[in-house]
Chemist: 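Quick one: structure below, then a few questions.
Position 1 is the first residue of the sequence; numbering continues from there.
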Amino acid sequence: MDIRIKRKKTLLAMLLVVSVLFSACGKQETASTDTDDINELKAQIESLAAENEELKQQLEKFTAEESQPAETEMVQATETVPQEETVQEEVPQEDRLNIVVFGDSIWDMDRGDTGIAAQVAFYMNADVYNCAVGGSRATLKDGESPDNFEKWDSSSLMGMCNILAKKVDPEFMEGYPAGGVIRNVNPQTVDYYIIAYGLNDYFSGAPIAVEGSDSWDAHGYAGALRNAILLLSQISPQAKVLLISPTYCQFYKDGVMYTDSNMKDYGQGTLTQYANAARNVAETNNTLYIDAYSTMGITPYTADQYLEDGVHLTIEGRALYAKAVASCLKYGKPGEVSGNSVYY
C-alpha cells in the first residue's frame, strides 16, 4: 500500500474520533442543561448536526478517493490487453482445374490417395473425374456399331465420349465407379481430357488400323483415338487433350518372366507398335502426348520396382506415372513427346 493511501486512512481515523467526541459532548451538554432554555438546546443540536454532516461528507470524499486508483488501474489493464481479431480476412480460393480421365485399370485399380488420379489432383490443384474402366479398351469390338446409340452398351473410349456428348444413356454403366463419376462431368467446364488406353487393345489383338477401312474406323486403335479427340473437341472446344501411350509390361510363367511387350505379339503387333501409333495420332492432331512406354522410366531394368504383376503399377509406379502426367500438363507442348518427371 503506498504512502498516500496510508496518510488518507490516518486522517480518516482522526475524523472518526473527532466525530465521536462531538457526539459525546453534545450528549453531555444536553444532559447538563435540562433546565436551560429550549431554544438554546435546539441551537446546540443543530450546530452538532451540521458538524456531523460536514464530517460525513469528508468521510465519503476520502472513501471515494481511496477506491479510485484501483478502478483506474483496472481500466488501464483492460486497455493494454490486445483484443482478439474477430474478423478474419477471407482468403480467395484459387480456381481449380477440371480434368477428366478416360482409361483402363492403370487408372481404375486404385481410387484412393495413392491412386494416379488423386496424386494428379494434388499436383495440379484440380478436380479429377476418374472415368477409367478396368479391362476396357479404346477400340470397338467386332460387331459393335459406332452409331447404334439406342442399343449402346460398350464401355470403350467411344462409349464414354458418347455419354458426354449425350448420344447414349449412361444407364449401361451402372455398377462401375466410372458410371457414377461421369454423370457429374460438365463438358463446358473441362480444362483437360486425358486418354490412356492400349494395354487391353493389345491383349485382345485389336488392330492398330483396320485393314481395308479408313483411318477413322473406331474398330482400330488409331481410329478410335482420332474419333475420341474429334468428338471431345466438339463438345469441349476450350479443353486440351493429353494422349498417353500404354506402359511397358512383362509376362510370367510359373513365376518366371519369359517374355515382355517388346517381343510378345498377340496378332496385331508388339505393344511398342501401339505406343508408336498413339504418338502418331498425338502429333497429327497436335495434342499433348506422354510416351509412357519409352520415356517414363518403366523398363526391363526397373520393372521389379514399378510393376507389381508385370502389368499393373506398384505404389512407386503410380507415383512415377502421376508426376509424369502433372509435368506434361504444366510444361508440355502440344505435338511434342513428353514422358519423364524432371519437374518433381
Chemist: Using the rule given for side-chain contact (heavy atoms from CB on, under 4.5 Å), can you reason through I195 versus I229, listing the C-alpha separation, both sets of side-chain angles and the distance that settles it, and then say yes or no?
Modeler: CA-CA 9 Å; I195 300 174; I229 293 170; 4.3 Å; yes
Chemist: Whether the side chain of D127 engages the backbone of R96 through a donor-acceptor N/O pair (distance < 3.5 Å, no angle test) should be reported.
Modeler: no
Chemist: Quick one about Q268 and Y266 (side-chain donor to acceptor, distance below 3.5 Å, no hydrogens or angles considered), yes or no?
Modeler: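 Per modelled atom types, Y266 and Q268 side chains form no pair under 3.5 Å.
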Chemist: Membership question, hydrophobic clusters at under 4.5 Å side-chain separation (ILVMFWY): are I235 and L225 in the same one?
Modeler: yes
Chemist: Within the 4.5 Å heavy-atom criterion, are N162 and L231 side-chain neighbours or not?
Modeler: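 Yes, at least one pair of side-chain atoms sits under 4.5 Å.
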Chemist: Please step through side-chain contact (heavy atoms from CB on, under 4.5 Å) for the pair S105 and H312, ending with a clear verdict.
Modeler: CA-CA 8 Å; S105 58; H312 298 99; 2.9 Å; yes
Chemist: Mind checking the NZ-OG1 spacing from K333 to T287? Nearest 0.5 Å is all I need.
Modeler: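 It is 15.5 Å, given to the nearest 0.5 Å.
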Chemist: I would like to know whether I298 and L313 meet side-chain contact (heavy atoms from CB on, under 4.5 Å); could you show each step before the answer?
Modeler: CA-CA 10 Å; I298 304 174; L313 304 177; 3.7 Å; yes
Chemist: So does D214 have more than 12 non-hydrogen atoms from other groups sitting under 6.0 Å from CG?
Modeler: yes
Chemist: Counting only heavy atoms not in Y176 (residues, nucleotides, ligands), do more than 12 fall under 6.0 Å from its OH?
Modeler: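 For Y176, atom OH is not crowded (no more than 12 foreign heavy atoms under 6.0 Å).
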Chemist: Check the hydrophobic clustering (I, L, V, M, F, W, Y; side-chain heavy atoms under 4.5 Å; chains of links allowed) and say if Y197 and V210 are grouped together.
Modeler: no
Chemist: First locate atom CE of M296, then atom OG of S245, and finally report the distance between them rounded to the nearest 0.5 Å.
Modeler: 7.0 Å
Chemist: Apply side chain to side chain donor-acceptor pair (under 3.5 Å) to T259 and list each qualifying residue two or more places apart in sequence or on a separate chain.
Modeler: none
Chemist: At what distance, to the nearest 0.5 angstrom, does CD of E316 lie from CD of E308?
Modeler: 10.5 Å
Chemist: Would a distance-only check, ignoring hydrogens and angles, find a side-chain to backbone donor-acceptor pair under 3.5 Å from Q238 to D191?
Modeler: no
Chemist: Can you find a heavy atom in the side chain of Y321 that is under 4.5 Å from one in the side chain of I290?
Modeler: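 With C-beta onward as the side chain, the pair stays apart.
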Chemist: State whether the side chain of D201 and the backbone N or O of T139 hold a donor-acceptor pair below 3.5 Å, judged by distance alone.
Modeler: yes
Chemist: Looking at every heavy atom in both M158 and W152, which two are closest together, and how far apart are they?
Modeler: C-CZ2, 4.0 Å
Chemist: Check the hydrophobic clustering (I, L, V, M, F, W, Y; side-chain heavy atoms under 4.5 Å; chains of links allowed) and say if F149 and L164 are grouped together.
Modeler: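 Both belong to a single hydrophobic cluster.
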Chemist: Is the backbone of M263 close enough, under 3.5 Å, to the side chain of T270 for a donor and an acceptor to pair up by distance?
Modeler: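 Judged by distance alone, no pair lies under 3.5 Å.
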Chemist: How about CD on Q234, more than 12 heavy atoms from neighbouring residues, nucleotides or ligands closer than 6.0 Å, or not?
Modeler: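 Enclosed.
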Chemist: R226 and W216: which non-hydrogen atoms are nearest, and at how many Å?
Modeler: O-CZ3, 3.4 Å
Chemist: Could you tell me whether the side chain of D217 and the main chain of H219 form a donor-acceptor pair under 3.5 Å?
Modeler: yes
Chemist: Any donor-acceptor pair under 3.5 Å linking the side chain of N227 with the backbone of G223?
Modeler: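 Side chain of N227 to backbone of G223: a pair is present.
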Chemist: Is a donor from one side chain sitting under 3.5 angstrom from an acceptor on the other, for Y293 and S261?
Modeler: yes
Chemist: For E171, which residues count as a salt bridge (Lys or Arg N to Asp or Glu O under 4.0 Å) partner, sequence neighbours excluded?
Modeler: R183
Chemist: Tell me if the CD1 atom of I315 is crowded by more than 12 foreign heavy atoms within 6.0 Å.
Modeler: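 No, because the 6.0 Å sphere around CD1 of I315 holds 12 heavy atoms or fewer from other groups.
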Chemist: How long is the gap from CD on E150 to CG on D147, to the nearest 0.5 Å?
Modeler: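 Rounded to the nearest 0.5 Å, the CD-CG separation comes to 11.0 Å.
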Chemist: Less than 4.5 Å apart, side chain to side chain, heavy atoms only: is that true for F172 and I163?
Modeler: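 Heavy-atom side-chain distance check passes, below 4.5 Å.
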Chemist: Only one of S204, S155, S154 clears side chain to side chain donor-acceptor pair (under 3.5 Å) with R137; which?
Modeler: S204
Chemist: Donor-acceptor pair, D260 side chain versus N262 backbone, under 3.5 Å?
Modeler: yes
Chemist: Strictly by salt bridge (charged side-chain N to carboxylate O under 4.0 Å, His left out), give each pair with a member in residues 263-275 just once, sequence neighbours left out.
Modeler: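 Qualifying pairs, neighbours excluded: none.
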Chemist: Main chain of Q305, side chain of T314: is a donor-acceptor contact present, judged purely on distance under 3.5 Å?
Modeler: yes
Chemist: Could you state the interatomic distance from OG (S136) to CG (L157), rounded to the nearest 0.5 Å?
Modeler: 8.5 Å
Chemist: Give every residue pair that meets the ring pair (Phe, Tyr, Trp, His ring centres under 6.0 Å) criterion with at least one member in residues 221-241, sequence neighbours excluded.
Modeler: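 As it turns out, the ring pair (Phe, Tyr, Trp, His ring centres under 6.0 Å) pairs with a partner in residues 221-241, which skip direct neighbours, are Y221-Y274.
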Chemist: Are the side chain of T189 and the backbone of N186 linked by a donor-acceptor contact shorter than 3.5 Å?
Modeler: yes
Chemist: Locate the shortest heavy-atom distance separating Y289 from C328; write the atom from each residue and the value.
Modeler: O-SG, 4.1 Å
Chemist: Between F102 and I182, is any pair of side-chain heavy atoms under 4.5 Å apart?
Modeler: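 In short, these two side chains touch, coming nearer than 4.5 Å.
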Chemist: So among T247, N276, L199, which one has a side-chain contact (heavy atoms from CB on, under 4.5 Å) with L271?
Modeler: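 By the side-chain contact (heavy atoms from CB on, under 4.5 Å) criterion, L271 pairs with just one of T247, N276, L199: L199.
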Chemist: Just wondering, are more than 12 heavy atoms of other shown residues or ligands nearer than 6.0 Å to CG in D142?
Modeler: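 Result for CG/D142: open.
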Chemist: Counting C-beta onward and ignoring hydrogens, is there a side-chain heavy-atom pair between N130 and P177 closer than 4.5 Å?
Modeler: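 Counting from C-beta outward, N130 and P177 never come under 4.5 Å.
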Chemist: Rounded to the nearest 0.5 Å, how far does OG1 of T302 lie from CG of L307?
Modeler: 7.0 Å
Chemist: If the test is side chain to side chain donor-acceptor pair (under 3.5 Å), which one of T114, D113, D108 qualifies with R111?
Modeler: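 Result for side chain to side chain donor-acceptor pair (under 3.5 Å) with R111: D108.
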Chemist: Would you mind reporting whether I244 and I106 have side-chain heavy atoms less than 4.5 Å apart?
Modeler: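 No, their side chains stay 4.5 Å or more apart.
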Chemist: Report the residues that fulfil salt bridge (Lys or Arg N to Asp or Glu O under 4.0 Å) with R318, sequence neighbours left out, ordered by chain and then residue number.
Modeler: D110
Chemist: Please name the pair of heavy atoms, one in A138 and one in A224, separated by the smallest distance, quoted to 0.1 Å.
Modeler: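 Closest heavy-atom pair between A138 and A224: O-CB, 3.3 Å.
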Chemist: Any non-hydrogen side-chain atom of V325 less than 4.5 Å from a side-chain atom of Y192?
Modeler: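 In short, these two side chains do not touch, never coming nearer than 4.5 Å.
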Chemist: For Y129, enumerate each residue passing the ring pair (Phe, Tyr, Trp, His ring centres under 6.0 Å) test, keeping only those at least two apart in sequence or located in another chain.
Modeler: none
Chemist: Verify the cluster assignment for M160 and M109: are they in a single hydrophobic cluster under the rule of side-chain heavy atoms below 4.5 Å apart?
Modeler: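 Not linked; separate clusters.
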Chemist: Just by distance, do the side chain of K330 and the backbone of Y123 share a donor-acceptor pair under 3.5 Å?
Modeler: yes
Chemist: Assigning hydrophobic clusters by single linkage (Ile, Leu, Val, Met, Phe, Trp, Tyr; side-chain heavy-atom cutoff under 4.5 Å), is L243 placed with L230?
Modeler: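 No, it is not one cluster - the side chains of L243 and L230 are not joined through contacts under 4.5 Å.
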Chemist: Quick one: closest heavy-atom pair of L140 and S156, and the distance?
Modeler: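 The pair with the smallest heavy-atom distance is CD2-OG, 3.6 Å.
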Chemist: Can you confirm whether F251 is buried at CZ, in the sense that more than 12 heavy atoms of other residues, nucleotides or ligands lie under 6.0 Å from that atom?
Modeler: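 Yes, the 6.0 Å shell around CZ holds more than 12 heavy atoms from other groups.
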Chemist: Does L97 reach the side chain of L329, with side-chain heavy atoms less than 4.5 Å apart?
Modeler: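 L97 does not reach L329 side chain to side chain.
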Chemist: Could you give me the CA-CA distance, side-chain angles and deciding distance for V100 and C131, then say whether side-chain contact (heavy atoms from CB on, under 4.5 Å) is met?
Modeler: CA-CA 7 Å; V100 176; C131 299; 4.1 Å; yes
Chemist: What is the minimum heavy-atom distance between A319 and Q119, and which atoms define it?
Modeler: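 So the minimum-distance heavy-atom pair works out to CA-OE1, 3.4 Å.
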Chemist: With a 3.5 Å cut-off and no angle check, do the side chains of Y193 and S236 form a donor-acceptor pair?
Modeler: yes
